[in-house]
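Counting starts at 1 for both ligands and their atoms, in listed order.
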Amino acid sequence: MGSTDFAEKRRIMVERDIAPRGIDDAGVIAALGRVPRELFVPEYLAELAYDDSPLPIEQGQTISQPFVVALMMQAAELVPGARVLEIGTGSGYSAAALAAMGCEVYSIDRHASLVEAARTRLERAGCAGVHLRAGDGTLGWPEAAPFDAVIVTAGGPSLPEPLSRQLKVGGRMIMPAGAEAGGQRLVRQRRTGEDAFIEEDLGRVAFVPLIGAHGWPETTRTEARRRSPALPPDAAERIRDAAEPLPEVDDERFGVPFDRIADARVVLLGEATHGTSEFHRARARITERLIARHGFSIVAVEADWPDAERIDRYVRDRPPAGSDETAFARFPDWMWRNEEVAGFVDRLRRHNDAIEDPGRRVGFHGLDLYGLDGSIAAVLDYLDRVDPEAAAVARERYGCLAPWRHAPETYGRAALTGGFASCEKAAVDMLRDLLDRRLSRLVAAGDEGWLDGEQNARLIASAEEYYRTLYMGATNSWNLRDRHMFETLRSVMAARGPGAKAVVWAHNTHAGNSAATEMGRQGQVNLGMLCREAFGTEAALVGFGTDRGTVAAASRWGGPMEVMEVPPSHPDSYEHLCARSGKPRFLLDLRPGRNGPLAEDLKRFRPERAIGAVYRPGAERENHYFQASLPGQFDLYVWFDRTAAVRPLAPTAPLPDRTGSSAGTGKSTAHR
Ligand code: SAM
């Protein structure tokens with residue numbers, strides 16, 4: 001990409017992301033219009049430099065979102081010649097913007113390597129004269145004080161006293177402060193006299209932590225934990241020894257080695273992506289075996305309940321739903337509307353056709369009664385009509401590259417965008433309305449009776465909280481969703497009577513026990529963890545992984561499906577370790593007492609890859625790996641060295657229709 005293209009992107013960024021959001025300081029706007037942001041991000045992210053988001057830089061830190069940089073500069077009320085102290089040099093980008101405004105800039109970062117990289121970047125960008133230093137910025141830069149402004153680009157518990165004291169009388173400090181989980185308040189402190197200060201609250205934001213004498217202490221949640229333990233030299237060999245070869249994935253015998261978990265009440269089958277053919281085909285074979293030989297009668301999937309219900313009507317030969325909606329027609333449609341799932345649904349129908357008693361036929365259910373994907377689509381649709389700016393915020397949040405990762409600064413933006421907050425009530429009301437309609441349809445259709453009055457009331461009572469958190473894209477929406485899916489699973493099992501056995505299909509990040517992941521350590525629960533707690537060893541958690549190949553995914557939330565290349569896994573990752581074994585396909589038994597020395601090797605946290613509906617291979621390491629302990633997450637791990645994207649159904653081929661025509665029983669017609 002040439003420099004003129006970047007200049008054009010920069011112009012668009014200022015017009016689209018800065019000026020319309022209440023930034024009217026001409027000096028700030030001009031400065032952001034001049035600084036070549038592409039020189040301040042790692043080279044592989046240059047293409048994304050003008051995206052409306054923070055981006056990862058070295059040392060596990062971030063370069064701030066352009067809007068947040070502009071907001072802090074404007075709040076500091078700067079004029080050319082102002083003496084400014086910045087705490088948190090990071091990439092050097094905001095220092096460059098301050099210099100471009102004509103300020104005399106002093107900037108400190110606690111990481112010497114970041115300071116050196118920023119020095120080079122500033123030089124390359126033609127920014128001379130910025131004073132840089134490595135050290136604890138919470139102590140300030142006394143020799144250069146007093147300052148007209150202090151800008152702190154990391155969040156601390158409170159405003160550091162030394163920094164307040166280094167302000168001129170009349171000077172301003174802008175800093176994210178506060179101890180709330182997941183965020184801070186952006187504070188402007190003004191020194192009005194020798195010992196007089198006033199503070200204003202500029203809204204909620206979320207920044208990476210300020211670590212220092214007057215900030216947070218260094219904790220376990222720092223970069224140290226991000227470093228992976230060295231690979232034991234013989235780990236790949238141990239994997240080779242422990243690896244049990246698996247038949248071809250389409251071979252009916254593929255499910256046989258899974259007889260060992262047949263005693264479980266619940267078997268959770270994961271996937272490392274939402275668009276891999278082999279994962280679906282393998283899950284289908286294992287599920288068929290568990291159904292045919294071991295009495296499993298429920299298939300429950302990580303999907304919206306109303307869509308799955310249409311499939312259930314087909315596989316159990318129940319009357320049509322009386323609505324002409326197509327199952328799984330919304331983004332990410334390829335996740336379920338594909339040849340692999342259609343084949344499975346077909347075979348399920350054939351299995352059920354041989355069972356006389358309808359009560360004993362295998363059911364197919366979606367675990368999400370609130371309808372996550374449908375709800376997000378409805379919110380986006382609504383916001384597009386009433387407030388396109390708020391719609392852009394929502395898209396960014398829902399399209400967050402990896403929902404299981406924290407992208408602290410993006411959370412600030414919604415709070416600072418008035419339109420987003422003011423649309424909350426209307427959006428939540430609309431979603432509740434949708435839920436009411438969904439439930440009354442369910443009751444009218446006399447669906448199964450498992451959704452009794454009590455469950456109905458419980459759903460409605462907690463819908464408000466669920467939709468509000470979902471709308472705000474807050475971090476705890478994950479917990480609400482997984483608890484909700486778990487409750488639905490329990491209800492479906494209870495309706496089948498004591499001893500009912502279920503197979504669950506969900507992403508590894510839902511199916512693996514989150515207690516053994518970095519998300520769990522930060523308070524995230526998931527389906528795997530809740531099942532483990534409720535069923536103990538009667539829950540079997542099975543993970544799936546791959547090294548390379550292709551995958552179906554979109555580059556942004558709501559975007560079209562693309563078949564993307566999956567590059568070979570990161571050298572520190574579990575996947576790389578499996579790939580090094582040189583075996584194309586295998587099963588690892590990680591249960592206690594099975595492969596002790598191997599489980600010991602694999603126990604320590606290391607990166608594991610997770611690809612969702614949205615995938616950005618260009619920024620893989622930052623966005624698609626999380627830290628986990630594989631033997632803590634899963635009982636069994638299924639490995640495919642190379643995998644391919646799912647084969648999506650044509651848009652005109654509704655999933656149950658298609659299977660209806662090929663089932664050949666004559667009993668069923670199009671249930672949509
Ligand atoms: N302004 C930066 C930019 O434009 O790229 C972004 C800064 S990043 C959000 C926050 C930075 O604060 C990190 O680079 C981190 O190392 C730094 N930091 C955290 N605690 C610090 C401290 N006590 N002193 C100096 N820097 C600190």
For this session: Please verify whether a non-hydrogen atom of G215 lies at under 4.0 Å from ligand 1.
Result: no
Seminar exercise, completed: So the atoms of ligand 1 within less than 4.0 Å of a heavy atom of E86 turn out to be 1 (N)
Exercise. Numbering the atoms of ligand 1 from 1, which are under 4.0 Å from a heavy atom of L114?
Worked result: 14 (O)
Seminar exercise, completed: Paired with E200, the side chain to side chain donor-acceptor pair (under 3.5 Å) test is passed by just one of R188, R172, Q189, namely R188
Problem set entry | Separation of C103 SG from F147 CZ (nearest 0.5 Å) | 12.5 Å
Seminar exercise, completed: A student comparing S91, G88, P160 should find that the heavy atom closest to atom 3 (C) of ligand 1 comes from S91
Exercise. For ligand 1, is H214 a contact, meaning one of its heavy atoms is under 4.0 Å away?
Worked result: no
For this session: Just let me know how H111 lines up against ligand 1, side chain, backbone, both or neither, with a heavy-atom cut-off below 4.0 Å.
Result: side chain
Exercise. Is it the case that Q633 and T517 place a side-chain donor and acceptor less than 3.5 Å from each other?
Worked result: no
Exercise. Is the closest basic N to carboxylate O distance between D148 and K168 below 4.0 Å?
Worked result: yes
For this session: Answer yes or no for T89: is there a heavy-atom contact with ligand 1 below 4.0 Å?
Result: yes
For this session: Can you sort out which atoms of ligand 1 are near I87, meaning under 4.0 Å from one of its heavy atoms?
Result: 24 (N), 25 (C)
Exercise. Does G135 come within less than 4.0 Å of ligand 1, judged by its heavy atoms?
Worked result: yes
Problem set entry | Axial cation check for Y93 ring with R37, 6.0 Å and 45° limits | yes
Problem set entry | T138 and W216, any side-chain heavy atoms less than 4.5 Å apart | no
Seminar exercise, completed: Restricting to heavy atoms, the pick from V152, V35, D109, V69 nearest atom 16 (O) of ligand 1 would be D109
For this session: State if A213 counts as touching ligand 1 under the rule of any non-hydrogen atom under 4.0 Å.
Result: no
For this session: Could you tell me whether some N/O pair between I63 and ligand 1 is separated by less than 3.5 angstrom?
Result: no
Seminar exercise, completed: Near I108 (heavy-atom distance under 4.0 Å), the atoms of ligand 1 are 25 (C), 26 (N)
Problem set entry | Pick from T153, T62, L210, D136: the one approaching atom 10 (C) of ligand 1 most closely through a non-hydrogen atom | T153
Seminar exercise, completed: Taken to the nearest 0.5 Å, the spacing of Y625 OH from E608 CD works out to 10.0 Å
Problem set entry | For T138, the ligand 1 atoms whose distance to one of its heavy atoms is below 4.0 Å | 23 (N)
Exercise. Side chains of Y50 and R10: donor-acceptor distance under 3.5 Å anywhere?
Worked result: yes
Exercise. What distance separates L159 CG from E161 CD, expressed to the nearest 0.5 Å?
Worked result: 10.0 Å
Exercise. Which of these, E271, E575, E620, sits in a salt bridge (Lys or Arg N to Asp or Glu O under 4.0 Å) with R609?
Worked result: E620
Exercise. Taking only residues two or more places apart in sequence, or in another chain, which ones meet R191 in a side-chain hydrogen bond (donor to acceptor under 3.5 Å, both in side chains)?
Worked result: E194
For this session: Please state which part of P209 comes within less than 4.0 Å of ligand 1, counting heavy atoms only: side chain, backbone, both or neither.
Result: backbone
For this session: Consider every N or O of I211 and every N or O of ligand 1, then say whether any pair is closer than 3.5 Å.
Result: yes
